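Input: a single structure, listed below in structure tokens.
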Amino acid sequence: MTAARGMPPRTTRLGAGVLLGGILVSALAAGATLLSVALGGQWPVAVGTAIVTAAAIPVLVTALRQRRAPDRRARYRRALATSAVALLACLTWIWPHSATVTPPIVPGATVITSTGGTRLTLHVTRAPSATEPPLVVVHGGPAVADLSHDVAALARLAIHRDVYVYDQLGAGSSSRLDDPLGYTDRRALQDLERVIAATGARKVTLLGHSWGARLVTKYAVAHPDRLSAVVLSAPAAPAGPTASPQSIGDPAGRLDGPQRLRLYSYLIRPRNRFTYGLSSVDLRVAHAAAGDREMDARFSAIYRRTTPGLFCDPNLADRLGVTGVGYYAHQALAADTSPLSDGTAPPRISVPVLIIKPACDYLPWSAVTANARLAPQAQVVVLPDAGHQAYIEKPDAYGELVAAFLARQPLPFPVVDSAEPPPSYRGVR
């Protein structure tokens, strides 16, 4: 049956409807993304709607270019095939890859060799008179190293003790593994043991920041005889099934609307979604498709956009280095839910423990409570006017607090109950 004179054929009307519908879907998806960001929505919502936009754009462009093809059915088949190829190309290669990031060279840093010939970058600040057990600092992330700034901020503690700061495997200037599944808590603990052995001391003090506190608590439970004291700085929840990435907070929650928009607009880029999607399915496949150099650079770009959420005063975010991140170590270790102990006895830390909770921390207070259960005699202090990176934001107050604790002197800030946050606490509860 032919179309009535002057009336467009049904396929033409259908094509126009599809085109209009696609434009509408794209507009709604883009609008939903912006609305989600403006209202403080979480990134999966923004990304989910933006994926629809990314998928619709090649279809629309191809449909417009193919609209004059003589065979309408062939037109739509070509449009579908071309759009699929265009979307795949956009996801894989067309979108520009990130530039390489290189952590700064820290004067005086050395290298120690670990399992399989892997290298760990280590810096030691020597005390004028080292009469006390050395302090070994375990950075957070996981796999977020900032050796140059950490060394500078914590050097003030090298008065009566040497201070050791190192880049963990897969981060900073330390080695990357060919197999991303090789990054485990067990391997990280072995590397920590090598750093401790490098001190040559019978006992050491451990300072674990953020996720690094999780490693420190594991080591303290297993080797109390090797430790003189423990400092847990803005600690994440202890290791175990409950310490999932979703349960430890999100620094983006402390960002304002424009800052979230900058972050999410980067996250929704097609190449980013493609590589991150592969990572969620299989880290080995993702590593083969996008190696350490590319993904470390992408992780660095994301981290740079979240740094205001790590400070009580977001204007100080430029104090933080962002080029020492390791994407695959971060992904593998964040998903590691290995238990805190072997289960033969209730986990317990028997050495003196100081828990430092920054007043503007993005990690929930429940992490303090959970860590305090491991050490009932732990002293919990809220550091005023400090965000998650407290030792960078308030280095003098932080150093004074840690030095007093290690010297067994009265603390310069009040000790609070670990069960409930005090009124002065302004972070996530």
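For reference, positions follow the sequence shown, starting with 1. Quick caveat: nothing in here was measured; it's all calculated off a predicted structure.
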Tell me which donor-acceptor pairs under 3.5 Å the side chains of residues 396-411 have, and how far apart each pair is, sequence neighbours excluded?
from : atom 1 : to   : atom 2 : distance (Å)
D396 : OD1    : R156 : NH1    : 2.4
Y398 : OH     : S233 : OG     : 2.9
R408 : NH1    : L406 : O      : 3.2

### Task
Measure the OH-CG distance between Y266 and N272 for me, rounded to the nearest 0.5 Å.
4.5 Å

Distance-only donor-acceptor pairs under 3.5 Å for side chains of residues 315-327, two or more places apart:
from : atom 1 : to   : atom 2 : distance (Å)
N315 : ND2    : D313 : OD1    : 3.3
R319 : NH1    : I392 : O      : 3.3
R319 : NH1    : E393 : O      : 3.1
Y327 : OH     : S279 : OG     : 2.7

#### Entry: Test item: D162 side-chain N/O and P134 main-chain N/O as donor-acceptor pair under 3.5 Å
no

### Test item: T275 side-chain N/O and R271 main-chain N/O as donor-acceptor pair under 3.5 Å
yes

#### Entry: K394/D385 ion pair, N-O < 4.0 Å
no

### Message
Any heavy-atom pair between the side chains of L232 and L354 that's under 4.5 Å?
### Response
no

### Task
Please round to the nearest 0.5 Å and tell me the distance separating atom CZ of F311 and atom CZ of R254.
11.5 Å

#### Entry: Value rounded to 0.5 Å, distance of CG in N371 from CD1 in I349
7.0 Å

#### Entry: Test item: side-chain donor near acceptor, S228 and T205, under 3.5 Å
yes

### Task
Might you work through the side chain to side chain contact (heavy atoms under 4.5 Å, CB included) test for L122 and V195, ending with a clear yes or no?
CA-CA 8 Å; L122 172 69; V195 174; 4.1 Å; yes

## Note on the structure
Those residues at least two apart in sequence (or on a different chain) that pass ring-ring contact (aromatic ring centres under 6.0 Å, His included) with H160 are none

### Message
Within the structure provided, determine whether V231 and I356 are in side-chain contact (heavy-atom separation under 4.5 Å).
### Response
yes

#### Entry: Nearest heavy atoms of I196 and R226, plus distance in Å
CG2-NH2, 3.1 Å

### Query
Do D179 and R284 have side chains that get closer than 4.5 Å, going by heavy atoms?
yes

### Message
Counting only heavy atoms not in E420 (residues, nucleotides, ligands), do more than 12 fall under 6.0 Å from its CD?
### Response
no

### Query
Would you say V216 and L206 make side-chain contact, with heavy atoms under 4.5 Å?
yes

### Test item: F413 and V382 side chains (from C-beta on) under 4.5 Å apart, heavy atoms
no

### Task
Please confirm whether the backbone N or O of G170 pairs with a side-chain atom of S174, one donor and one acceptor, at under 3.5 Å?
no

### Query
Checking R305 side chain against A301 main chain: does a donor-acceptor pair fall under 3.5 Å?
yes

### Point-to-point distance, once rounded to the nearest 0.5 Å, from CD1 of I268 to OH of Y264
11.5 Å

#### Entry: D150/Y391 under side-chain hydrogen bond (donor to acceptor under 3.5 Å, both in side chains): CA gap, chis, key distance, verdict
CA-CA 8 Å; D150 289 359; Y391 62 93; 2.8 Å; yes

### Query
Between L283 and Q331, is a side chain to side chain contact (heavy atoms under 4.5 Å, CB included) present by the stated rule, with each step listed?
CA-CA 8 Å; L283 278 182; Q331 294 295 318; 3.9 Å; yes

### Message
Would C312 and R426 count as a side chain to side chain contact (heavy atoms under 4.5 Å, CB included) here? Give the steps.
### Response
CA-CA 9 Å; C312 206; R426 294 179 280 158; 3.4 Å; yes

#### Entry: Residue list, side chain to side chain donor-acceptor pair (under 3.5 Å) with Y183, at least two apart or on another chain
none

### Message
Can you tell whether the side chains of D225 and K203 come within less than 4.0 Å, N to carboxylate O?
### Response
no

### Summary
One should read off an interatomic distance between L374 CG and S350 OG, to the nearest 0.5 angstrom, of 11.5 Å

### Query
Of all residues at least two apart in sequence or in a different chain, which pass the ring-ring contact (aromatic ring centres under 6.0 Å, His included) check with H330?
F299

### Task
Show your reasoning for whether side chain to side chain contact (heavy atoms under 4.5 Å, CB included) applies to L215 and Q168.
CA-CA 11 Å; L215 272 188; Q168 295 166 33; 4.2 Å; yes

### Message
How close do A289 and L278 get, counting heavy atoms only, and between which atoms?
### Response
CB-CD1, 3.8 Å

### Message
Donor-acceptor check, side chain of Q259 to backbone of P308, threshold 3.5 angstrom: yes or no?
### Response
no

### Summary
Scanning both residues in full, the closest heavy-atom pair of H388 with S210 reads NE2-OG, 2.9 Å

### Message
If I compare all heavy atoms of A237 with all of A367, which pair ends up nearest, and what's the gap?
### Response
N-CB, 3.7 Å

### Task
May I ask you to test the V380-V368 pair for a side-chain heavy-atom distance under 4.5 Å?
yes

### Query
Under 3.5 Å, is there a donor-acceptor pair linking the side chains of Q389 and H209?
yes

### Query
Taking everything shown except R186 itself, do over 12 heavy atoms lie less than 6.0 Å from its CZ?
no

### Heavy-atom closest contact (A145 atom, A171 atom, distance)
CB-CB, 4.0 Å

### Message
Could you go through D256 and R260, starting from their C-alpha distance and side-chain angles, then the distance that decides it, and tell me whether this counts as salt bridge (Lys or Arg N to Asp or Glu O under 4.0 Å)?
### Response
CA-CA 6 Å; D256 59 27; R260 285 198 183 99; over 6 Å; no

### Message
Closer than 4.0 angstrom, basic N to acidic O: yes or no for D185 and R214?
### Response
yes

### Query
Any side-chain heavy atom of H123 sitting closer than 4.5 Å to one from Y164?
no

### Query
At their closest point, which heavy atom of L340 faces which heavy atom of P347, and how far apart are they?
CD2-CB, 3.5 Å

## Note on the structure
H287 meets the ring-ring contact (aromatic ring centres under 6.0 Å, His included) criterion, sequence neighbours left out, with Y328

### Task
Flag yes if more than 12 heavy atoms outside D178 fall under 6.0 Å of its CG atom; otherwise flag no.
no

### Message
Please identify which of these residues, L169, V111, D167, T110, meets the side-chain contact (heavy atoms from CB on, under 4.5 Å) condition with L120.
### Response
L169

### Message
Salt bridge check, R187 against D191: does any charged N sit closer than 4.0 Å to a carboxylate O?
### Response
yes

### Query
Do the side chain of K218 and the main chain of P339 share a donor and acceptor less than 3.5 angstrom apart?
yes

### Query
Once you round to the nearest 0.5 Å, how far does CD1 of I159 lie from OG1 of T131?
10.5 Å

### Heavy-atom donor-acceptor pair, W365 side chain to P422 backbone, under 3.5 Å
no

### Contact check, side chains of Y219 and L227, non-hydrogen atoms, under 4.5 Å
yes

